[in-house]
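Lettering of chains follows the sequences in order, A, B, ..., and the numbering in each one begins at 1.
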2 protein chains.
Amino acid sequence: MTPEPVRAVTRAAAILDMFTLETPVLSLTEISRGIGLNKSTTHRLLATLEHLDLLEVDSATRRYRLGLKLFRLGSVVLKSMELVAQAEPLLKRLVEQTEETAFLIVPEKNETLCLKRVDGCHSVRALFLETGKRLPYNAGAGPRALLAHLPEEDWDRVVVHHVQRMTHHSLVTREELARDKAEVHRLGYSLSREDVSLHACAVGAPVREREGRVVAAVSVSGIVQRFSPAQIPLLVAAVVQAAEELSRRLGFVPLGGNRLGGSPPDPDERAAGVG
Amino acid sequence: MTPEPVRAVTRAAAILDMFTLETPVLSLTEISRGIGLNKSTTHRLLATLEHLDLLEVDSATRRYRLGLKLFRLGSVVLKSMELVAQAEPLLKRLVEQTEETAFLIVPEKNETLCLKRVDGCHSVRALFLETGKRLPYNAGAGPRALLAHLPEEDWDRVVVHHVQRMTHHSLVTREELARDKAEVHRLGYSLSREDVSLHACAVGAPVREREGRVVAAVSVSGIVQRFSPAQIPLLVAAVVQAAEELSRRLGFVPLGGNRLGGSPPDPDERAAGVG
DNA sequence: CACCGTAGTTTCGGCAGATGGAACCAACGA
DNA sequence: TCGTTGGTTCCATCTGCCGAAACTACGGTG
């Protein structure tokens, strides 16, 4: 079916992948160890990547850093993604309404990726998650909102192989996550209580595109004190509203028109036949 | 010296390079033609890149788009670049002072790259240049400010092989560009009069890092009507001030301390011995 | 319906070219 | 001076990449 991947390219990508927000500069030996390749091979690949402007090398320290070309390519991705464009004003409004920090989260492979963060005005706020950073599916309101809507087999794989415990509040067992999934489906939103970092809470809701598939999540997060029983309903309302509005802008038409109560229809089923 | 680049990686990078802000989605045949490779080879590379999340393929139209991984990598670049972080508040202040749109431009290979744009408040403004977009060295105030400070051999190569005429005001001949270079050195800033797009003018000034090398340019641009002889000195003052402040923040210490008039020292010479 | 043109996919044999072992440098500290 | 660590270069081996060509799928057209 799909042809065997080109090895050299795969390796080059693995090298690029080693650079993260936490470790943005690396030496040859670190990289060589990291991808488990001969120094000589690694060296050649690094030289190639540098030549291509995908890496830069600090000539003094001989250490590598991602190159400008990747910035340019990243901009193209961002720009060509109407999701972010549509989300931006909504996130801003969300921040105004809630005074908390708002996020747009999407699935990426076996984790989730923060596409956009809009800072709230509170001087004290969780700074953990930022644009371009990843979270496991099991930690945080946004990620769990996404997890809950993953197709069966993906959910299984992720829950078995890709959970990470981030605090002692993190949900990590299959049972916990299955219960959470049901909860998210029932309520239509997800709650996070210090499961990413201590003292931080969040509310998240799923975003659907035209076909009804969940492609993103919107969330707001703040410190635990501001997520009181009195506050939460207000936050939930704002987040859900933003997520629904974003879905609408992506071409999603809610079933059942104006909701008159009764069990809300689950548009997942629409997509079920497609997948 | 440097080993022969790995061909497959070079080709893969060439594919990624075809995706621009203008043409963010491409088909196999377009790509195959673009890089001049057999369809079969191209197909295999594309499949590899897709597998690596560097590309996404729209399963309906079979057309390719840059993948999320590139967004993540781009974020890392952006974050690890203190230049942008330092520049951001200065650009904002520049916009407040001038009411025009401000830019941060850096060299990338044989062209220049816009790292950051901060929009002015004028409802009518040049929308041409945006974050992640490139300009040739010979067009625009920012690019020409960079060009003027390129090392001799780079300047030669660029002026011979990488000029682009963008309007009938563009400077394209060696003579024009040499004269412009002298001008920029004499004044300490560059002026652009409709050489990028018609009705648009700009003022740019170079930014230096610790060693005195020019690593970026700051510029503001607006429509020609607002670049009157009365206005220009004010704009120049603001831009030059911002560029100097940014240089200072990057660790550059101006020679000659407080300027008392007389010929301003050219810190290029400091770097000359190094290169 | 038969025909053609265009776009994408798959196969396969040959050989350029990627690979990794090993040797070689350079810098640093003991 | 020697030992260690990290980076660079060389080269014989063999493999994994490449392109020609054949095939499928789709749509338009006479």
- Task: Determine whether more than 12 heavy atoms belonging to other residues, nucleotides or ligands lie under 6.0 Å from atom CZ of A/R157.
- Result: yes
- Any B/R11 side-chain nitrogen or oxygen under 4.0 Å from OP1 or OP2 of D/dC18: yes
- Item | Rounded distance (Å) that lies between atom C1' of C/dA7 and atom CG of B/L37 | 17 Å
- Item | Bend angle of the helix from C/dC1-D/dG30 to C/dA30-D/dT1, from helix axes over five pairs at each end, nearest 10° | 30°
- Query: Do B/S40 and D/dA20 share a donor-acceptor pair, side chain to base, under 3.5 Å?
  - Reply: yes
- Does a side-chain N or O from A/N38 land closer than 4.0 Å to OP1 or OP2 of C/dG21, or not? yes
- Taking for each residue the nucleotide of DNA chain C bearing the nearest heavy atom, is the 5' side occupied by A/R7 or by A/K39? A/R7
- Message: Using only atom types and a distance under 3.5 Å, with no angle test, would you say the side chain of B/T112 pairs donor to acceptor with the backbone of B/Y137?
- Response: no
- Hey, does the side chain of A/T48 reach the backbone of B/V6 with a donor-acceptor pair shorter than 3.5 angstrom? yes
- Task: Could you check how far CG of A/L28 sits from P of D/dT8, rounded to whole Å?
- Result: 7 Å
- Query: Just to confirm, is there a sub-4.0 Å distance from OP1 or OP2 of C/dT9 to any side-chain nitrogen or oxygen of B/H43?
  - Reply: yes
- Task: May I ask you to verify if any side-chain N or O of B/R62 is less than 4.0 angstrom from the OP1 or OP2 atom of D/dC26?
- Result: no
- Query: How long is the line joining CG of B/L26 and P of C/dG8, in whole Å?
  - Reply: 11 Å
- Query: Can you check whether A/R117's main-chain N or O pairs, donor with acceptor, with A/T131's side chain at less than 3.5 Å?
  - Reply: yes
- Query: Just how far, in rounded Å, is C1' of D/dG7 from CD of A/E30?
  - Reply: 13 Å
- Message: With a 3.5 Å distance limit and no angle check, can you tell me whether B/T41 reaches the backbone of B/L37 through a side-chain donor-acceptor pair?
- Response: no
- Quick one: label A/R33 by what it contacts on the DNA or RNA (base, sugar-phosphate, nothing), any heavy atom closer than 4.0 Å. sugar-phosphate
- Item | Whichever of A/V6 and A/Y64 has its nearest DNA chain D nucleotide further upstream toward 5' | A/Y64
- A/E209 side chain to A/G212 main-chain N or O, any donor-acceptor pair under 3.5 Å? yes
- Message: Please check: side-chain N/O of B/R213 versus main-chain N/O of B/V215, any donor-acceptor pairing under 3.5 Å?
- Response: no
- Task: Starting at atom CG of B/L46, determine the distance to atom C1' of D/dG19, rounded to an integer number of angstrom.
- Result: 15 Å
- Find which nucleotide of DNA chain D each of A/A8 and A/R63 is nearest to by heavy atoms, and output the residue with the more 5' nucleotide. A/R63
- Task: From the options C/dG8, C/dA18, D/dG19, select the nucleotide whose nearest atom is closest to the side chain of A/R44.
- Result: C/dA18
